[in-house]
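What follows is a single structure, written as structure tokens, with notes after it.
Throughout, a chain's letter reflects where its sequence line sits, starting with A, and its residues are numbered from 1.
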4 protein chains.
Amino acid sequence: MSVIKAAIVGGTGYTGVELLRLLSGHSQVEVSAITSRAEAGTPVTELFPSLRGHYDLKFSAPDVDELARCDVVFFATPHGVAQAQVPDLVARGVRVIDLSADFRLQDIPTWEQWYGQQHACPELAAKAVYGLPEINREQIGGAQLLACPGCYPTAIQLGFIPLLEAGLVESSGLIANAASGASGAGRQAKTDLLFAENNDSFRAYAAAGHRHLPEIEQGLSQVVGGNVDLTFVPHLLPMVRGIHATLYAKLKNPAAAEATQEALQALFEQRYQAEPFVDVMPAGSHPQTRSVRGTNMCRLAVLRPQGRDTVVVLSVIDNLAKGASAQAVQNMNIMFGLNENQGLESPALLP
Amino acid sequence: MSVIKAAIVGGTGYTGVELLRLLSGHSQVEVSAITSRAEAGTPVTELFPSLRGHYDLKFSAPDVDELARCDVVFFATPHGVAQAQVPDLVARGVRVIDLSADFRLQDIPTWEQWYGQQHACPELAAKAVYGLPEINREQIGGAQLLACPGCYPTAIQLGFIPLLEAGLVESSGLIANAASGASGAGRQAKTDLLFAENNDSFRAYAAAGHRHLPEIEQGLSQVVGGNVDLTFVPHLLPMVRGIHATLYAKLKNPAAAEATQEALQALFEQRYQAEPFVDVMPAGSHPQTRSVRGTNMCRLAVLRPQGRDTVVVLSVIDNLAKGASAQAVQNMNIMFGLNENQGLESPALLP
Amino acid sequence: MSVIKAAIVGGTGYTGVELLRLLSGHSQVEVSAITSRAEAGTPVTELFPSLRGHYDLKFSAPDVDELARCDVVFFATPHGVAQAQVPDLVARGVRVIDLSADFRLQDIPTWEQWYGQQHACPELAAKAVYGLPEINREQIGGAQLLACPGCYPTAIQLGFIPLLEAGLVESSGLIANAASGASGAGRQAKTDLLFAENNDSFRAYAAAGHRHLPEIEQGLSQVVGGNVDLTFVPHLLPMVRGIHATLYAKLKNPAAAEATQEALQALFEQRYQAEPFVDVMPAGSHPQTRSVRGTNMCRLAVLRPQGRDTVVVLSVIDNLAKGASAQAVQNMNIMFGLNENQGLESPALLP
Amino acid sequence: MSVIKAAIVGGTGYTGVELLRLLSGHSQVEVSAITSRAEAGTPVTELFPSLRGHYDLKFSAPDVDELARCDVVFFATPHGVAQAQVPDLVARGVRVIDLSADFRLQDIPTWEQWYGQQHACPELAAKAVYGLPEINREQIGGAQLLACPGCYPTAIQLGFIPLLEAGLVESSGLIANAASGASGAGRQAKTDLLFAENNDSFRAYAAAGHRHLPEIEQGLSQVVGGNVDLTFVPHLLPMVRGIHATLYAKLKNPAAAEATQEALQALFEQRYQAEPFVDVMPAGSHPQTRSVRGTNMCRLAVLRPQGRDTVVVLSVIDNLAKGASAQAVQNMNIMFGLNENQGLESPALLP
């Protein structure tokens, strides 16, 4: 097979450098361009010395003609950017994988409300495929415009899906208590994100409403075929990578045979048996974020504490990997008919 | 007033050194003994150089006669130790403040089940006063044996109390998602607690059942005058000090005037108006653990995300301070008729 | 004695909030104003919730007349700011304590070379007193304009002084390898200072020349009465507070009786015997930065590894405390004839 | 080529799990056994869930016959263990790569003095090859018993070698100020290594004499063909992985053309031009430990601050990778005639 020519738009952030890291080990992809207006002309390795010896690229100003010569273009940009550039690329037959939030929500008014701006190409949003392979693998294969899920939505949906598909829990009153490493906030010069502001401290943020809420509810609603109602509180961890979601759902029928600890364990194992990147841990496990660091893996544990009516799911991913760039590579592999775990095989760095 | 003579039993752990730190600034207390079998004869400042210039004490082997000459004895020991030594001291008229779990539960079978051993003096447990001043100040004043609350129970009870007292939320299906700094696990040489095992990682632990669960349920049951049912999942943070509890409760009557965001804020402010160590933050705040580091303060925020049926409370304390040693000093102040915030007035170290 | 009225200019940074923390526990000082152009009108506790309950102040725009009504004005500003405002205040009889670099160097061309701008009031610089009490206590007492030493210069000078005063080591070829917590870089929104850029990583910076080099060499030259030549390499630690300096000097006469490990220990103990804020640790100690966290203490250890010709000194301070705000308070205490350790008595927060 | 059969003795520590991680991506090696007396029977993935899906192995009790059927045996054991088992394996023709200190020193009395025990097989120590490929590649190719360098010795020797080989600096009075992440202390349950003891703090240790000192001096003495005299002070960083060494050496002839900043830069670039795992950074760089995290790379920068007589070298490695397990794999590749960077090609995980 010939090599896939890829470009990355907006490559100076953390999802950009993570794409470069992962693609450097992907034998069937060549990164031919990486764009940044601010850093045009700067060698990639000057900004990211960890890539010395792996790339000779310089950042370049975005050039649609150059991008259009690629097989696939990754957008690793803030929301609002992809919308402006994607229609042209799609029209010219390029396949686009957008890591931003631009095409994640199918309801445009909801998108516009949460992101505070008008959507530039609603008609294209309707055609975008939501890139969570565990529920959407077939459509991903044929996608021309792929919307990569957010980091929290990935961890949270994967944890709730087995329970909701099986109809075991109430779809209202769901609770997702989640915490993310600081890299989730991106590589932005903000006082709130300084080392001295975050080390040895912990706090919630956006507790009244986070932009990932409608995305999660959209996904889970499709799973149950109806409304879901979720309370989602994100927190900021004094660490770099990793998301840990602790999920709570109320059993519809606590006395049912399907609701025992053993049955719940079996349900999760069965649901994800064939999934290369979802690992159901043994009963009683407490997955650690570091066990998935740098990988495309989601590790889950399910339990029913004290045999009461609330089921708890623990879900961990790496926000920059399965929560962004590695999942983007997984989607690319599916879109181009490659081995799904190509470039995604290394175990986590531990300790 | 004459100086209060205090002793600390089991002083080599984190709650012991925190007591020493706080009492070094307390003008009406003198620490006359600090015991440790393992370190008997070692100067306190050899183990804790931060106290150089503040104490000349050496650790000593526990000696009941010496302890009995004190006005107050703090037990900063693992569970099971205080039970064996307290009866003698109490009989000799010494006032005892136990920071361990030995006298927190009034139901002895429950204690024995969760702590896996027989209780040595059930009759004394019945007389112990639970030292959460915000619900128990009067009894604390007259206590001879005071049981200091656990760290999680302090943060979680203070967050739920206003809602439960006002009868606004269901008392079943309560959820407490909490996270603690590593000092909460104590100064024990365990592989799981190593720096290299915990830095840059995050995980839940004891999700199926933590020993603080019955303590929290006991306290909240007394508040509502009936059963409460709580799901409590603790997590281990890559930081040293601080507990953050994120609490979820279901409104009984979401349409009630008492259930608006404004009414909830007013309820919390009113409930804790006179409390020197509970600070209700302005609506929309996200309290940080570092804002209470080293202090006896609990900071709370209450909110009703998206106007839905679930109320969220954010509660932060320092696990070693309000969650242990500083609350012990607050209790001592009350027991001895001192100014309640004597020795507890310094603001948090920030950043 | 009547209360001293103090103002803080530029109070939104870390040295500003540290001054507020320390002065809240100083019984003879009242902070009457804290200025910030950017935050004028904002309550101090909105920016720093850790101070809730301790201050009712709002940030105000700087107003010379208001400042002139104070007994003492602290400048916690970037370099260049104090120069513009101090002359007026000094002329009106206010005592000024400058925490910035504006008046630390007596050689104006050197200042201008390292700070890249013209000095606004060279004549005043000549009258400024360098506020390192351990070598300058008498002049500090009479100072009207006090220049607080930099953080690295404090840790490094205190470590070298005994050796240089005693003439035991060569004054050329001195080496100071130092490392600072991230708070030393201030509360500035810079990408390089983000949590995700610094956690779990370590690096040198400004190795070719740091602005504290001429300050250290100026101080040590005065000690030896001649030139000193120092190589100084600072590093950035993945932690918030603390400076650790590891100092290397070559013995002039390795065989001398004054050069044994025991003699070196005695030399250091004797030199700092009367100093309230320098603690010479027992031989063989390795002082930790956390043992001085939040305090005005400098802890030192001296050793002669393997009995060879190089003496090593380990020196730790808290960069925001003895390296900035606490040393400013110590200087204020001396200037106003107060007890030198007023407001500076609390032991470090540990763990 | 047929697959190389490897075993790991003492696999429950950090160098053991790092070997497993690296070898999982090495196409020409199969790990057939991993031993641990304490964990015999436990699946490797139970101790290290990050390896789930990568290994089916269980820890086994060491069995010489089984080890003897392997092509290569890695010892990832505390010092003293390999000595007892290696002679038998070597006699049976197995190639051994020892990551411990057992065979690093050629002078047996020196070894016995620093490690406090008698050496079990001095005659074999004489035949061991020291595995620093940058000075020893040829002998490594033919080694049957390979002694992997210590972590500090690797970082420090690579930094000093160009200067000493070129005879530019004095070989006495060398200074190595180095700092290591906590994983360097291993996975041992010691109070000193707890998270709560090390986070947000920094300190030196073993400043009077560290076991790596004689190893470094042995290596550098061979480079200069004579005595070297080094002062080496290690420090413990509040992070997991990484060593940063800051090296100081005195120029013999500061005025020489070879001693300019440009000439020093050229010297380093030329010395390591052909080395796959030593990266000389551009002049003015400050290499970060995270830029080599998880990789076999050593990044160096050389500078002459202020044009004075002291040359400074900054050297970073990952203590578990180039400082231990990855260098072991590099050595194995050389010993078995494989591509030297097989299994070692992934860039660092950043951020």
Relative to each other, are the rings of A:His244 and B:His235 parallel, tilted or perpendicular (30° and 60° limits)? perpendicular

Nearest-0.5 Å distance that lies between atom [atom1] in [X] and atom [atom2] in [Y]:
| X | Y | atom1 | atom2 | answer |
| --- | --- | --- | --- | --- |
| A:Phe202 | B:Thr289 | CZ | OG1 | 8.0 Å |
| B:Asp229 | A:Asp309 | CG | CG | 6.5 Å |
| A:Asp200 | B:Gln288 | CG | CD | 12.0 Å |
| B:Asn177 | A:Tyr248 | CG | OH | 3.5 Å |
| B:Ile175 | A:Thr310 | CD1 | OG1 | 5.0 Å |

If we define contacts as heavy-atom pairs under 4.5 Å, which of [options] has the most with chain B?
| options | answer |
| --- | --- |
| A:Leu350, A:Leu303, A:Ile243 | A:Leu303 |
| A:Ser201, A:Gly307, A:Ala208, A:Pro305 | A:Ser201 |
| A:Gly181, A:Gly173, A:Ala206 | A:Ala206 |

Using heavy-atom distances under 4.5 Å, tell me whether [X] contacts chain B through its side chain, its backbone, both, or neither.
| X | value |
| --- | --- |
| A:Pro238 | both |
| A:Arg293 | side chain |
| A:Val312 | side chain |
| A:Glu197 | both |

Nearest heavy-atom approach of B:Ala196 to A:Pro351 is O-CB, 3.5 Å

Point to revise | Ring centroid separation A:His286 to B:Tyr205 under 6.0 Å | key: no

**Prompt:** Going by an N to O cut-off under 4.0 Å, is there a salt bridge joining A:Glu217 and B:Arg308?
**Reply:** yes

Side-chain contact test, heavy atoms from C-beta onward, threshold under 4.5 Å: evaluate it for A:Leu213 versus B:Gln306 and give yes or no.
yes

- Please walk me through it: do A:Arg290 and B:Arg203 pass side-chain contact (heavy atoms from CB on, under 4.5 Å)? CA-CA 9 Å; A:Arg290 65 173 187 161; B:Arg203 63 179 165 96; over 6 Å; no

